[in-house]
Amino acid sequence: MRLCVFALIPSEEYDMSWQPSPLEEQRLEKLGRLREAGIDPYPLRAERSHTTAAAVAAFEAAPEGEAVVATVCGRLMSIRDMGKSVFADVADESGRLQLFLRRDDVGEEGHAHFKKLLDLGDFVQATGEMFRTRAGEISLHVRAWQLLSKAISPLPVAKEQEVDGQLVRYSAFADLEERYRQRYADLAVNPEVRDIFRARARLVSALRRFMDDNGFLEVETPILQPLYGGAAARPFTTYHNQLKQELFLRISFELYLKRLLVGGYERVYEIGRDFRNEGVSFKHNPEFTQLEFYAAYWDYRDVMAFTERMIATAARETLGTTTITFRDQTIDLAAPWQRLTMRDAIRQFAEIDYMDYPDAPALAAAIKGIGGEAPPGAPWGKLIDGLLGDFVEPRLIQPTFILDYPRDISPLAKGVPGDPLHVERFEFFIGGMEMGNAFTELNDPLEQRRRFEELQATFTKDDEERNPIDEDYLRAMRYGMPPNGGFGMGVDRLALLLTDGRTLRDVLLYPHLRDKEM
RNA sequence: GACUCCGUAGCUCAAUCGGCAGAGCAGGGGACUUUUAAUCCCAAGGUUUUGGGUUCGAUUCCCAACGGAGUCACCA
C-alpha cells in the first residue's frame with residue numbers, strides 16, 4: 001500500500017520536509033538533470049573489486065609494466081577540474097585514492113556529467129588502471145565511472161593538504177554542537193573521529209575477550225526493572241501501558257547479576273547501558289556503558305588483582321602499550337597499582353583523620369575547618385566520600401585503589417573483620433577520575449536486610465537516591481549465595497582515558513543533547 | 001538548578017566608538033590534457049539563533065527565550 005502511494009508521486013515533486021538552502025536547490029536541480037539523462041542517482045547495486053588501499057597495494061606489488069585494473073567505490077572528497085581532464089579524490093573506509101579522468105577515455109558525455117552533475121559528498125564507482133602520476137601519486141586512470149548515491153546537502157568539507165604524510169585540514173568542521181548533533185557529518189569529514197570509535201570498539205572487545213578468557217559467562221539482565229537498585233542514583237521512570245506498571249531504567253546490573261550466582265553460575269558479567277537521571281558533565285552522561293562482573297569464591301583482593309590485569313590487558317590490546325598520555329600526563333597502567341586505604345588517603349591529602357570524628361556533625365565541623373564542603377544532614381560516610389572526591393580524587397593520576405569504605409554508604413559490601421565502621425570495598429582511580437567500584441559482596445540475607453533498613457533510615461524519606469528494598473533479591477539470597485567478589489566500571493570513562501579525550505561526549509557517538517528544532 | 005562566555009553565508013572566521021555585513025574555502029559561469037589547499041577571470045550567496053526594548057540608526061547596547069561551551073551544584 002505504501003509503495004503504491006509513493007509510485008503516485010511524480011518524480012519532480014520532492015518531499016520538502018526541510019527548507020533547502022540555495023546550495024541544496026542547486027543539487028536538487030542536478031538530481032533532476034541526472035534523471036533526465038537516464039541516470040539513476042541511487043542505483044541498487046555497486047561492483048567493487050578493490051578498496052582504495054587494496055588497489056594501491058596491488059599496484060605496488062605488481063611487476064613493472066603489468067596493468068592493475070581496479071573498480072573502487074567511495075565518496076568524492078575533492079574535485080580538481082583541469083579542463084579536458086579532471087582529478088578527484090574518492091575516500092572509502094580504507095583510505096583515499098586519486099582518480100584521473102580524461103575526456104578522451106570516458107567520452108564526451110561521461111566527462112561532462114562528471115564535471116557538471118557530481119558534487120563533493122557523492123558516492124561514485126570508478127574503473128580503470130592504476131598508475132603513477134607525474135607528481136608521483138598513485139592514482140586510478142578512469143575508463144568508466146558510475147554514480148552510486150547523490151548527496152543533496154553539502155558536507156562541511158574542509159580543504160586538505162598532505163604535509164610529510166600527515167593530512168592537514170583547513171577550516172575543518174569544528175562547531176562542537178553541530179558535530180555532536182550531526183555525528184554522521186562529523187564522522188564523514190573528520191577521519192580522526194572515526195579512529196576514536198574504532199579504538200573504543202577495540203577496547204570493548206578486548207574487555208569482553210578478557211572476561212571470556214577468564215571463564216566468565218556473558219549474560220543480559222533487564223534494563224526495564226520494577227525496582228531499581230545496586231547504586232545510589234536517581235532513576236528514569238517509565239510506564240508499561242498494557243501491564244499498567246511503573247518501570248525504572250536500571251541504574252546498575254548488580255542485583256540481577258548476583259541472583260545468577262544463587263542460580264549456580266560462578267562467574268558472570270554484563271557489558272551494557274545504565275541510566276541515571278542526574279547532571280551531565282565531562283564524566284557523566286545520562287546513559288553510559290558499564291562493565292560489571294561477579295565471581296564466586298573471590299574477595300575484593302582477588303578483584304583488585306584481576307582489575308589491574310584487565311585494564312593493562314585492555315590498554316595493550318587497544319593501543320599496543322600500557323603507557324598512556326592523558327591531559328599531558330604520562331600514566332602507567334601496568335600492574336601493580338598503588339593501594340591506599342580510604343583513611344590513609346584522606347589523612348594524606350585532606351589532613352583529616354576522620355576516625356577522630358566518630359559522628360556526622362563532628363566530622364562536618366572538621367571538614368568546614370579545613371575549608372571543605374559538608375552538606376547539612378549528610379551521613380558520616382557520605383561526608384567521607386565527599387572528602388575523597390574533593391581532596392583525593394583529583395590527585396590520583398596514576399592508577400590507584402582506594403580501599404575500605406565507610407559501611408553506611410556501602411550496603412552491599414561485607415564488613416572488614418573486627419572493624420564495625422568499614423567494609424571491604426574499593427574504588428579505583430586513574431587520571432583523576434573514578435573508574436570503578438568493587439567489593440567483597442555481602443551474602444548474608446539477614447544482614448543484608450538490616451543494611452537495607454539502616455539505609456532507609458539514613459537517607460531522608462524524599463531522597464530519591466534512597467533505594468526501595470528489593471524483597472526478591474533477599475529471597476534469592478536466602479537460598480544461599482556463594483561468597484563472591486563483584487566489580488563495576490564505567491567503560492566510557494576508560495575509553496576517554498585511553499583516547500585522551502576532552503569529555504565523555506568525545507567517546508559517545510550520540511551524546512545526549514537538548515532537543516533543538518532543525 | 002546557578003553563574004560566566006558564545007551563537008554572523010553550506011564550512012572556518014572578520015566587522016573600529018552604535019553608522020551601507022566582509023573574506024577564504026565550498027557552490028555557479030568561463031579558461032586550462034598529470035593537478036596536489038591546483039591556478040586565473042567573472043558573477044552570486046545573509047531574517048547576523050529567536051522575540052522584545054533603547055536609538056535617527058543595533059551584528060554591536062539592554063531584557064527575555066532557545067541552543068552550546070565552561071565552572072559549580074547534583075552524582076555509593
Side-chain angles (χ1 to χ4, degrees), chain A residues 20-27 29-30 77-89 98-105 111 116 119-121 131-137 139 141 151-163 167-181 185 189 229-234 251-252 254 276-286 288 373 375 379 381-382 384-386 388-389 405-413 423 425 427 434 436-439 455 458-459 463-465 467 488 502-503 505 511 513-517:
Chain A
S21 70
L23 296 183
E24 289 170 328
E25 296 278 13
Q26 281 174 359
R27 293 194 181 196
E29 204 208 304
K30 288 182 184 179
M77 298 305 284
S78 165
I79 301 173
R80 297 177 295 282
D81 179 3
M82 302 292 295
K84 293 194 180 72
S85 61
V86 184
F87 291 88
D89 294 341
Q98 176 169 266
L99 305 182
F100 173 60
L101 187 126
R102 274 196 319 199
R103 189 175 67 184
D104 296 350
D105 302 322
H111 180 248
K116 293 295 160 195
D119 290 288
L120 299 189
F131 76 114
R132 196 184 289 271
T133 64
R134 223 178 272 157
E137 181 162 351
S139 306
H141 193 137
I152 306 298
S153 302
L155 279 170
V157 278
K159 275 283 179 180
E160 290 171 335
Q161 177 183 213
E162 209 164 297
V163 180
L167 210 55
V168 178
R169 244 162 309 133
Y170 302 84
S171 309
F173 184 37
D175 186 297
L176 283 176
E177 176 176 359
E178 291 310 318
R179 286 181 49 208
Y180 296 142
R181 278 191 202 281
V189 303
R234 294 164 63 177
I251 57 172
S252 85
E254 172 141 7
R276 296 188 185 176
N277 206 339
E278 289 162 354
V280 178
S281 81
F282 81 90
K283 49 182 174 174
H284 298 270
N285 195 64
F288 61 99
E373 300 263 338
K382 229 176 166 174
I384 294 168
D385 200 47
L388 184 79
Y405 274 59
R407 172 190 156 111
D408 60 347
I409 53 166
S410 314
L412 298 160
V423 293
R425 169 179 171 190
E427 291 185 326
E434 180 199 334
N437 182 20
F439 20 93
L455 200 69
T458 307
F459 284 84
D463 192 331
E464 290 186 68
E465 283 169 29
N467 288 203
R502 266 174 54 259
T503 130
R505 289 184 286 266
L513 297 176
R514 278 199 171 85
D515 245 358
K516 189 185 174 187
E517 275 186 41

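- Across the P atoms, B/C13 and B/G30 are found 33 Å apart, a figure rounded to whole Å.
- Of the side-chain N and O atoms in A/K84, none sit less than 4.0 angstrom from OP1 or OP2 of B/U34.
- Searching all strands for a Watson-Crick or G-U wobble partner of B/C72 with both distances below 3.5 Å returns B/G1.
- No contact: A/E24 has no heavy atom under 4.0 Å from any strand.
- When heavy atoms are screened at a 4.0 angstrom cut-off, A/R179 is found touching no nucleic acid atom at all.
- Residue contacts shown for A/Y405 are absent, as no nucleic acid heavy atom lies under 4.0 Å away.
- Atoms CD1 (A/I409) and P (B/A76) sit 8 Å apart, rounded to a whole Å.
- When heavy atoms are screened at a 4.0 angstrom cut-off, A/L513 is found touching the sugar-phosphate backbone but no base atom.
- B/C3 sits 49 Å from B/A43 when the C1' atoms are compared, rounded to a whole Å.
- Annotation: A/E373, atom CD; neighbour count of heavy atoms from other residues, nucleotides and ligands within 6.0 Å does not exceed 12.
- Contact annotation for A/P406: no contact, since no heavy-atom pair falls under 4.0 Å across all strands.
- In the model, A/R425 has a side-chain atom that pairs as donor or acceptor with a side-chain atom of A/N437 under 3.5 Å.
- Rounded to whole Å, the separation between the C1' atoms of B/U54 and B/U60 comes to 13 Å.
- What separates CZ of A/F288 from C1' of B/C75 is a distance of 10 Å, to the nearest Å.
- The distance from atom CG of A/D385 to atom C1' of B/A73 is 16 Å, rounded to the nearest whole Å.
- Nucleic acid contact class of A/D89 (heavy atoms, under 4.0 Å, all strands): none.
- In this structure, the ring of A/F131 has its center less than 6.0 angstrom from the ring center of A/F100.
- Note on A/R514: only backbone sugar-phosphate atoms sit closer than 4.0 angstrom, heavy atoms only; bases stay farther off.
- At a threshold of 4.0 angstrom between heavy atoms, the contacts of A/S85 are confined to the sugar-phosphate backbone, with no base atom among them.
- The residue A/F87 sits close to a base: some heavy atom pair falls under 4.0 Å.
- Residue contacts shown for A/A413 are absent, as no nucleic acid heavy atom lies under 4.0 Å away.
- Within the model, atoms CD of A/Q98 and CZ of A/R132 stand 12.5 Å from one another, a figure rounded to the nearest 0.5 Å.
- As judged by a 4.0 angstrom heavy-atom cut-off over every strand, A/R502 is placed among residues touching the sugar-phosphate backbone only.
- Among the atoms of the strands shown, only primed sugar atoms or phosphate atoms (P, OP1, OP2) are found under 4.0 Å from some heavy atom of A/A174.
- Between B/A38 and A/R80, a contact under 4.0 Å exists linking OP1 or OP2 to a side-chain N or O.
- Spacing of C1' atoms, B/A23 relative to B/C17, comes out at 23 Å, to the nearest Å.
- Contact annotation for A/R505: backbone-only contact, meaning every heavy-atom pair under 4.0 Å involves sugar-phosphate atoms and none involves a base.
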What verdict does the salt bridge (charged side-chain N to carboxylate O under 4.0 Å, His left out) test give for A/R80 and A/D89, after you've listed the backbone C-alpha separation in whole Å, the side-chain angles of each residue and the deciding distance to 0.1 Å? CA-CA 9 Å; A/R80 297 177 295 282; A/D89 294 341; 3.5 Å; yes
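- The separation between A/K283 atom NZ and B/A76 atom P is 12 Å, rounded to whole Å.
- Between A/K116 and the phosphate of B/G28, there is no side-chain N or O to OP1/OP2 separation shorter than 4.0 Å.
- In this structure, A/D81 atom CG and B/G28 atom P are separated by 10 Å, rounded to whole Å.
- When heavy atoms are screened at a 4.0 angstrom cut-off, A/F439 is found touching no nucleic acid atom at all.
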